[in-house]
Amino acid sequence: MEIAEELAKQQKAISVAEFFEKNRQILGFDSAPRALITCVKEAVDNSLDACEDAGILPDIFVQIKRNGDYYQVIVEDNGPGIVPEEIPRVFAKLLYGSRFHTLRQSRGQQGIGISAGVLYSQLTSGKPTKVISKIAPGRPARYCELTINTAKNEPEIIKEEDMDWERPRGTRVELEMEGSYVRSRRQSVFGSLKSAAIVNPHARITLVEPEGNVEVFERATESLPKKAYAIQPHPAGIELGELIKLLRYTDKKKLRVFLKETFSSIGTISAQELCSRAGLDPEASPTGLEHEEAKRLLSAFKQLKMKSPPVDCLSPIGEDLIKAGLEKEFRLDFIATTVRPVSVYSGNPFLVEVGLGFGGELEKESRVEILRFANRVPLVYQQGACAVTHAVESVSWKNYSLSQPTGSGIPVGPAVLLVHIASTNIPFTSESKDAVADVPEILVEIDLGLKEVARKLRRYLSRQSVLSERREKEEIIRKILPKIAKKLSDILDREEPDIGPVVAKIMGNLLVFRRKVAQNGFTKVQIEVENHSDLVRSFKLHEVLRQEAVAVSPAAKVISLGDGYDYHWKLSIGPGESTTLSYTVQTDDAALGEPVVEGLDAEIVTGARVI
Amino acid sequence: MEKTEITQKKLEGLASDLYSQFEKGIVPHISLPSRTKANIEYSSKDDVWIYGDQETLRSVKTVRGAKTLLKTVYLSELLIKEHLRNNRGSTLREIYYISENWDIAKFHEQAESDRLIEDLEIVTALQREDFHVRPEEDGAAVFGPLKLQEKTRRGEKDIHCQEDVGEAGYQIPFNVDNIKFQSHDAKMVMAIETGGMYARLIENGFDEEQNAILVHIKGQPARSTRRFIKKLNVELNLPVVVFTDGDPWSYRIFASIAYGAIKSAHLSEHLVTPSARFLGVQPSDIVDYNLSTDKLTDKDMQALRAELTDPRFNTPYWEKQIKLQMDLKKKAEQQAFAGKGLDFVTKKYLPERLTEMGII
């Protein structure tokens, strides 16, 4: 026998299940602690996706139990449930799912995640996965015990029966596996659920830890995220092979109809335009297009400026909920958020959202924590390989009041950054979905988003420093000046001096200062009004008198009040300027109380009552 | 007017200035000369170094300034009501402790209250003794052919600084104004840095042999020591020589006696003896007498370099000596003379140096 024939005997197809059995690290099952996290994460993602599709507010229960040498992972949701016939394939067949062939934002995409958990569980503990699912209150729940036949990548049903289950609907999955439970780090079941809770503020997630400790990540909102709709592929960035495939298998009879119906953002007019640019007959059959013609069509795609893809295929978290999510899990002094407009890379729409939390109980001297999310799924591992991290590192944070000791890299300071990328297709660096690839369009959007929140932070901090200056001045005025005045009067044995004029000067306030001079039985009253601020102050000054005054200068408007008279002047005083008002009355006690200022804030006026 | 009354009036004047600033709507403030090396000027009138025209403003516009002014008025009240009216006094350290009860006007460290008292000296053109404020350290010791009278709490005492004192000598009180010189046989005053050399000269009978009043200045001399030296110089018309180690730090001791200190330049006219001369150890003595030496440290070199830019050392004599020392890279202690025999310093070095200086 020839060697080639000998070798040919050994060649055979490899099932995906067998492939992943040998390459489990690709799916994120490379270490004992990580296997637990990945498994919980995949199950929770499925629950969140299912609830969102069904318009249900998710209520997810996660329990990790020790069982001898193994850990038991239980994830239970209140979602729509899975019809009995589908249960085996959903859980025990790799690359089986509902989302791979549609273009819309969802957590799961390939249909690998939970089946990989089932595979890992059966490899390490040898036990089948137990699933209960119920689709309506009146129907029985279906209980299954499943394993994967790795040679065929098909489910094997160990046990299958109907049963009673107290839930009206939902799904429960129970896996047993090798693992190791850690808590303290961000890279833990607790940490990853906490992160998931931040970007899924509509979900309640309950975690029961092996020691029995219960953590509830409570909802921050009752409203469901906007539903993401499936869309057609966008012509920008589509590749030739993909285009040829679409042309060959379409059921459309005319090229122009094919263009309009197959792609998003192409209308009747742009379809005509594309055909004429490519030199193709719009009425021709798309299936008959030559390779050369397809190439011309593709280059026409590139020439013509197309509308952006529709936004409704994406479901951003939104500024309010990012804020609510951050507030829920951190104590902060300040939060800035931004949602960037939809953008496109290689035909895939995406958008970037950024949140920045500052101050509060965050560590002042350590590096800023970066919370990365892709389609509402927290990314926990391989921070250093991720586009989000790279974008954060390349911002010059010193310009935005955060320190960056080496001039680049992750900034240092009491801040936390949240970056969420939503897309119909997130470009992960690997199948374990740990890091987003450095796609230039995505890097640009993250950069712009980061700078937007950073500018808001800078504005906040400069406002804070103005406030602290104001507080400092208040300390002088409230605590120190009165004491100096008191001591001076003690030393000199004189009356305490009026600190009002000095207060007005220090605070940059408007000073109203009344002086009385008695003259031949009359009292001449002078009101000095000094503006110590940098701004023009316009306001009304009222003087309420028991009796009518004479020699009022400048003339004032007078309103009779019954038991007295309200004299008022409309004044406008420039920065650093002053004016004097005067009038004469018969008795010394004519004025009722202090002068009154109308139209300014109380804290910028000294020596008068403010209304 | 009695001194106490003048002092009280001046402190009240400060308070009433601040009071009228309030009345006039002027932001209360005190201005003081800035106490830095850059603001030291030579006054040809008294041959001393005093503060120049640069001023710092202490106003209530900042929390710091406001607190300092608050402390100033608290301190003024203490000085007026407790010290001057009751004829009592406190030490610098006691004042720091008294402020414990002053709430936000409390001093955070003694340096703060010390500085504030110096500020009051400057503002009032008085001295802390006038406020009845005593320093912590005792004055230095004196030994020599001098008879004086000291006013003490137990009356006036006559003391001869050789016959009526022990081996350590007469101790200078903190207020030199309480001393009256009566008679003396002295030809010179010698200020000595170290206790070892002071004791050596007494043991060798140098004071009797050369009719010298020996003053042990104990390192950087206290104010009372400097005032005492000046008083000897002015009232008895005696030449003053300063005998220290041969290193940059000791030159500064000499400078504070002869030129004044940066910190207390406001008192230069009371504290400084411009005619005082540097006896040694000079860098050139290291060569001439082949003395045992230590290497200059980096800090020593730095200090020498700083002295070259210090206006007080800007004379041909100091320039020559400092540059020589920087070349030698060596320093010598006073007591290095012991290496030549215990009598060497009194029999050979000092007579030679003093002759060279034209004092004997």
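Sequence lines set the chain letters: A, B, ... in the order given, protein chains first and strands last, and positions in each chain run from 1. Note that the structure is predicted; figures quoted are calculated from it, not measured.
With sequence neighbours left out, B/Glu235 forms a salt bridge (Lys or Arg N to Asp or Glu O under 4.0 Å) with B/Lys231.
Heavy atoms closer than 4.5 Å to chain A are found in both the backbone and the side chain of B/Leu18. Of the two parts of A/Leu492, only the side chain, counted from C-beta on, holds a non-hydrogen atom closer than 4.5 Å to a non-hydrogen atom of chain B. With a 4.5 angstrom heavy-atom cutoff, B/Ile26 touches chain A only via backbone atoms.
Of all the heavy atoms in B/Ala15 and A/Ile491, the pair that sits closest is CB-CG2, 4.0 Å. Between A/Ile476 and B/Ala66, the shortest heavy-atom distance links the atoms CG2-CB, 4.0 Å. Across all non-hydrogen atoms, the minimal contact from A/Pro501 to B/Gly25 is CB-CA, 3.6 Å.
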Just by distance, which donor-acceptor pairs between chain B and chain A come in under 3.5 Å?
| unit_1 | atom_1 | unit_2 | atom_2 | d |
| --- | --- | --- | --- | --- |
| B/Tyr19 | OH | A/Glu495 | O | 2.4 |
| B/Gly25 | O | A/Lys505 | NZ | 2.8 |
| B/Val63 | N | A/Glu472 | OE2 | 3.4 |
| B/Glu77 | OE1 | A/Lys487 | NZ | 2.6 |
| B/Lys81 | NZ | A/Asp490 | O | 3.3 |
| B/Asp103 | OD2 | A/Lys483 | NZ | 2.5 |

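You'll find the side chain of B/Pro28 reaches within 4.5 Å of the side chain of A/Val502, heavy atoms only. B/Val60 has its side chain out of reach of A/Ile480: every pair of non-hydrogen atoms, C-beta onward, lies at least 4.5 Å apart.
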